[in-house]
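Take a look at the structure below.
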Amino acid sequence: MLTLAYSRRSLAIRTVDCNIIIDEVARLCQEANFKLEEDVVESFKRSCESEVSQSGKEILNLLVENATIAATESIPMCQDTGVAVVFVELGQDVQLVNGDFSEAINEGVRKGYREGYLRKSMVGHPLERVNTGDNTPAVIHLKMVSGDKVKITVAPKGGGSENMSALKMLKPAEGVEGAKKFVLDTVQNAGPNPCPPLIIGVGIGGTMEKCALLAKEALLRPVGQPHSLPDIAKLEQELLAKINRLGIGPAGLGGLTTALAVHIEIFGAHIASLPVAVNINCHAARHKTVVI
Amino acid sequence: MTRVHLTTPLSQETSTNLRIGQQVLLNGVIYTGRDAAHKRLVELLDQGKELPIDLKGQIIYYVGPSPASPGRVIGSAGPTTAGRMDSYAPRLIEQGLKGMIGKGARSQAVVESMKKHGAVYFAAIGGAAALISRCIIESEVVAYPDLGPEAIHRLVVKDFPAIVVNDAFGGDLYQEGRKLYCQE
C-alpha cells in the first residue's frame, strides 16, 4: 500500500529545469528595469491632475515621459537598477532538475544584468565594499505553496529609498496611534531623499524579520489596491492622506503628491510585541512576475 | 519660468548670483563622483597629493550611470542621494568646487561650507534617468576605473536641467517647498 501511495504521488510531480529559471530571471530583471507597470504610470497621471504645485505637475509629467523613453528604447528607467530581490513561490509538487535553485536565480541575475546593460550595484562584503561586478548576490525569499507551478517575481530595489526605510518594535500599548506616528515620522524624516512620489510598504506584526518582509511584500501589490480587511484598508487611506499633507511633494520640491499609495500587510504577533516596518519605494516601483 | 543657461566652469560671480528655486540648464564639462570616489579624493588631500581632476569652478554630479548599451554615449544617469557625500563635500568645496548635482537634503556642515566659499547645490529629478541621459553628449572615465559605475567620469552635457536647492546664502528649497504645501 505504501509503495502504491508513493507511486501515485510521484505521478503528480512536475519537473522544472533550472536552465528555464536562469532564462526567466534574466528576462524579468531586464523587463522590470525597462518597463514600468501600467498601474504605476496611471498613478502618475492621476496624481498630476490632483497636484497643485506647478513644479510638482511638471515632474509627474516628466516621470511619465521617462517611463515611455525607458520602455521604448529598452534602457533602465533609473540608473540604480537595484538589488535583485526575488520572491519565489515554489509549488510542493515541483521537482527542480539540472542545477541548484539558488545558483540558477543568481545566474539569471548575472545574465540579465550583463545582457541588459543594467548597473551592477552590489558589493560582496558590506564592510570591505568591493563590487561583485555581476549584481549578485540576489536576495531570495522562498515560500513553499501547494501546486506544481513556480511563481517568480523579480523586484529590483534601489538603494536611495531602501536607505530611508525603518523598523521599530513598538509596545503593544502604543497601538495603532503608535504605528501611524512611526510611519509618518519615517516618511517625514526621509523627505526628498527616496525620490518621491513614493509607495509606502508597511508591515505590522510578526517577529522582527517577518515584519520587514511583510513591508517588502506590500510593495508588490498593484498601486492603490486596498487591503482585503476593511479596517486595514481604512488605515491605508488615512495614512496616505496624512502623508500627502506633509508637503514634501514630487522630487521633494514641495507639493501634495508625496506618496502614491500606502500598502499594509499584517501578521499575528507575540503578546508582548507590536513590530512595525516601513519599506519605502521610490516612484520606480519595479516588479515583474512569471509563472512557470 | 525662464531657465538660466550656465556654462562650466562656474565663476564665483556666477555661482553667487544663483538663488534657490532657479531652474538652470547646464552646459560644458561636469564630473561624476559618488561615495567611493569621494573617499579616495579626500584621502589624497589628506596625504597632500594632487587630485586626478582640477576642481576649480567645477561641478560634480552625484551619479553612478548604468553601462552604455551599443551605440549610446552613456546608460541611464539620474542623480543619487547627496547626503552620502556630506562628510566629504566640504573638503572639495575648499578646493574650489562650485557646484554639486544630486537629490536629497544636505547637512548643515555642507550648507555652511557652500556659504563660506560661494558654492551651490542643484537637484536633478531623481529617477528620471532615461530622460536625463539624453543631455549627456560625451562620457569618459578619467579616474578610478576599478570602481565601475562609481568611477569618475568626465561628462559633456548640453542643456542639462537642474534646479538650485541650496544657494550660497543658506537658502534651502526643500524646506521652503515643504513649508508652502504642508497642511499639518
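So that the names make sense, note that chain A is the first sequence line, chain B the second, and so on, each numbered from 1. Here the structure is a predicted model, which is why all the values come from computation and not from measurement.
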Less than 4.5 Å to any heavy atom of chain B: does that hold for the side chain of A/Asp80, its backbone, both, or neither? neither
Closer than 4.0 angstrom, basic N to acidic O: yes or no for A/Glu37 and A/Lys288? yes
Checking B/Ala36 against chain A: side chain, backbone, both or neither under 4.5 Å from a heavy atom? neither
Does any backbone or side-chain atom of B/Ala77 lie under 4.5 Å from a heavy atom of chain A? Answer side chain, backbone, both or neither. backbone
Among B/Gly148, B/Pro79, B/Gly64, single out the residue with the greatest number of heavy-atom pairs under 4.5 Å to chain A. B/Gly64
Would you mind checking which part of B/Ile163 comes under 4.5 Å of any heavy atom in chain A, side chain (CB onward), backbone (N, CA, C, O), both or neither? side chain
Does a salt bridge link A/Glu162 with A/Lys216, judged by any charged N lying under 4.0 Å from a carboxylate O? yes
Residue, of A/Gly160, A/Gly249, A/Pro76, A/Cys195, that accumulates the most heavy atom pairs under 4.5 Å with chain B: A/Pro76
Quick one: what part of B/Arg34 sits under 4.5 Å from any heavy atom of chain A, side chain, backbone, both or neither? side chain
Side chain, backbone, both or neither of A/Leu63 within contact of chain B (heavy atoms, under 4.5 Å): side chain
SB check A/Glu115 A/Arg27 (cutoff 4.0 Å): no
Chain B contacts, top residue of A/Ser53, A/Pro192, A/Pro196 (heavy-atom pairs, under 4.5 Å): A/Pro192
Should the pair A/Lys234-A/Glu238 be classified as a salt bridge under the 4.0 Å nitrogen-to-oxygen rule? no
At a heavy-atom separation under 4.5 Å, does B/Ser69 approach chain A through its side chain, its backbone, both, or neither? both
A/Lys35 side chain to A/Gln30 side chain, donor-acceptor N/O pair below 3.5 angstrom: no
Is a side-chain donor or acceptor of A/Tyr113 paired with a backbone partner of A/Thr81 at a separation under 3.5 angstrom? yes
Non-hydrogen atoms of chain B under 4.5 Å away: do they reach the side chain of A/Ala284, the backbone, both or neither? neither
Side chain to side chain contact (heavy atoms under 4.5 Å, CB included) partner of A/Asn135, chosen from A/Arg114, A/Met122, A/Arg110: A/Met122
Taking 4.0 angstrom as the limit, do B/Asp146 and B/Arg40 come out as a salt bridge? yes
What option among B/Pro67, B/Gly104, B/Pro65 has the most heavy-atom pairs under 4.5 Å with chain A? B/Pro67
Could you check which of B/Lys179, B/Arg134, B/Gln175 has the highest count of heavy-atom pairs closer than 4.5 Å to chain A? B/Arg134
Where on A/Lys120 is there a heavy atom nearer than 4.5 Å to chain B: the side chain, the backbone, both, or neither? both
Determine whether a donor-acceptor pair (N or O, by modelled atom type, separation under 3.5 Å) exists between the side chain of A/Asn244 and the backbone of A/Ala259. yes
Picking from B/Ala68, B/Gly83, B/Ala82, which has the most non-hydrogen pairs under 4.5 angstrom with chain A? B/Ala68
Does B/Lys39 come within less than 4.0 Å of B/Glu43, counting only side-chain N to carboxylate O? yes
